[in-house]
Number of protein chains: 2
Amino acid sequence: MITLPTVVTDSSTLTINEAAETTGWSPRMLRYIEEMGLVVPSRSGAGYRLYGAGDLQRLRTLRDLLDGHGVGLAEIGFARRLVNDTNLATAVHGWLESTPIRPEEIAADDWLAWEQQKHMALLDRAETSST
Amino acid sequence: MITLPTVVTDSSTLTINEAAETTGWSPRMLRYIEEMGLVVPSRSGAGYRLYGAGDLQRLRTLRDLLDGHGVGLAEIGFARRLVNDTNLATAVHGWLESTPIRPEEIAADDWLAWEQQKHMALLDRAETSST
DNA sequence: CGAACCTTGACACTCCGGTGATAACCTTGC
DNA sequence: GCAAGGTTATCACCGGAGTGTCAAGGTTCG
């Protein structure tokens with residue numbers, strides 16, 4: 001391990017390459033992820049990205065989220081839109097409600113809860129039901 | 001208008017081409033939309049797709065939903081997954097909650113509600129807050 | 001039977017998400 | 001000032017969403 005000119009090591013913030021190494025993302029992807037607003041690190045005076053512990057954590061969980069559920073960054077971005085844009089959420093929610101859902105497509109255990117609480121808020125169940 | 005061999009006109013179900021005309025979607029897209037489970041018409045004995053009033057309605061609102069909010073079919077499919085797969089929803093929800101959100105990105109009016117009710121269910125707001 | 005419609009399957013094309021590579025140019029620390 | 005590293009901007013490539021089109025083969029009904 002060669003001694004490098006440590007650019008910024010104020011507290012426990014990592015630069016993009018360091019963050020890349022510890023999270024498994026490529027620097028390129030870190031920039032991309034930032035670009036779509038999913039993980040936006042703070043910046044040093046000179047404009048260097050500074051990844052804090054929270055950022056790193058989020059980057060790792062993001063990775064898990066992605067390959068754990070076959071979801072793409074775009075979908076997460078979309079989910080974020082759903083959260084931030086009440087209009088969109090209402091519209092989508094409304095459309096889905098009007099959709100006749102065939103039980104076969106839904107995991108049995110999920111289905112029961114869904115059917116019974118159809119009129120509850122979408123994710124409200126995530127807090128009331130413990131796994 | 002030539003007289004066609006009316007394939008199946010039981011009640012008020014339309015065949016795919018008719019449905020296509022009244023909804024604005026191409027037959028191709030209707031099949032595609034069905035393929036991703038968004039609008040799945042019933043079938044005649046011979047396997048012909050039969051679009052009922054509900055299906056047609058959903059197809060039209062789907063169109064509005066899409067070009068009204070710049071959303072893709074894939075996103076709607078994803079939203080559906082969110083609704084049906086509690087696991088996914090919880091995971092995504094959890095990740096988003098851990099995300100530090102910067103106000104600038106959020107519509108001012110939305111933001112207030114969001115900030116204050118940060119711990120409420122995602123879409124619960126859609127029902128409590130009236131626009 | 002035959003015209004007009006339906007079905008599935010597949011090829012093809014465009015646009016965009018996801019990524020790498022590379023260039024041209026600042027920043028930091030020895 | 002120089003090396004290692006950071007920054008933005010871009011070109012490039014692959015795969016998947018979205019969509020048209022065509023082929024081969026059933027269905028319906030006059």
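Letters A, B, ... are given to chains in the order of the sequence lines, protein chains preceding strands, and every chain is numbered from 1. Reckoned from all heavy atoms, side chains included, excluding hydrogens, waters and symmetry mates.
- A:E34 is linked by a side chain to side chain donor-acceptor pair (under 3.5 Å) to A:R43, A:R49, counting only residues two or more places apart in sequence or in another chain.
- Taking the nucleotide of DNA chain D with the nearest heavy atom to each of B:L66 and B:A46, the more 5' of the two is matched to B:L66.
- In this structure, the CG atom of A:L30 is 14 Å from the C1' atom of D:dT7, given to the nearest Å.
- Put simply, CG on B:L14 is 14 Å from P on C:dC5, counting in whole angstrom units.
- As a whole-Å value, the separation of A:R31 CZ from C:dG20 P is 12 Å.
- Here B:A46 pairs with B:S44, B:Y48 under the side-chain contact (heavy atoms from CB on, under 4.5 Å) rule; sequence neighbours left out.
- Rounded to whole Å, atom C1' of C:dA4 lies 12 Å from atom CD of B:E18.
- Whole-Å rounding puts the A:I16 CD1 to D:dA4 C1' distance at 15 Å.
- Within residues 22-29 of chain B, the residues approaching DNA chain C are B:R28, by heavy-atom distance under 4.0 Å.
- Contacts of B:S26 classified as side-chain contact (heavy atoms from CB on, under 4.5 Å), with partners at least two apart in sequence or in another chain: B:R28, B:M29.
- Remark: A:T23 pairs with no residue by the side chain to side chain donor-acceptor pair (under 3.5 Å) rule, at least two apart or across chains.
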Tabulate atom names and distances for all N/O pairs under 3.5 angstrom spanning the protein and nucleotides 15-17 of chain D.
none

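- Remark: B:A91 pairs with A:L65, A:H69 by the side-chain contact (heavy atoms from CB on, under 4.5 Å) rule, at least two apart or across chains.
- Atom CD1 in A:I33 sits roughly 15 Å away from atom P in C:dG17 (whole-Å rounding).
- For the pair A:E18 (side chain) and A:T15 (backbone), a donor-acceptor distance under 3.5 Å is present.
- Note on B:D64 versus B:R60: no salt bridge recorded, every NZ/NE/NH1/NH2 to OD/OE distance being 4.0 Å or above.
- If you take CD of B:E21 and P of C:dC5, they are 10 Å apart, rounded to a whole angstrom.
- Under the rule for a salt bridge (Lys or Arg N to Asp or Glu O under 4.0 Å), A:R31 has no partner lying at least two apart in sequence or in another chain.
- Taking atom CG of residue B:L50 and atom P of nucleotide C:dT7, one finds them 9 Å apart after rounding to whole Å.
- With sequence neighbours excluded, the residues satisfying side-chain contact (heavy atoms from CB on, under 4.5 Å) with A:E35 are A:Y32.
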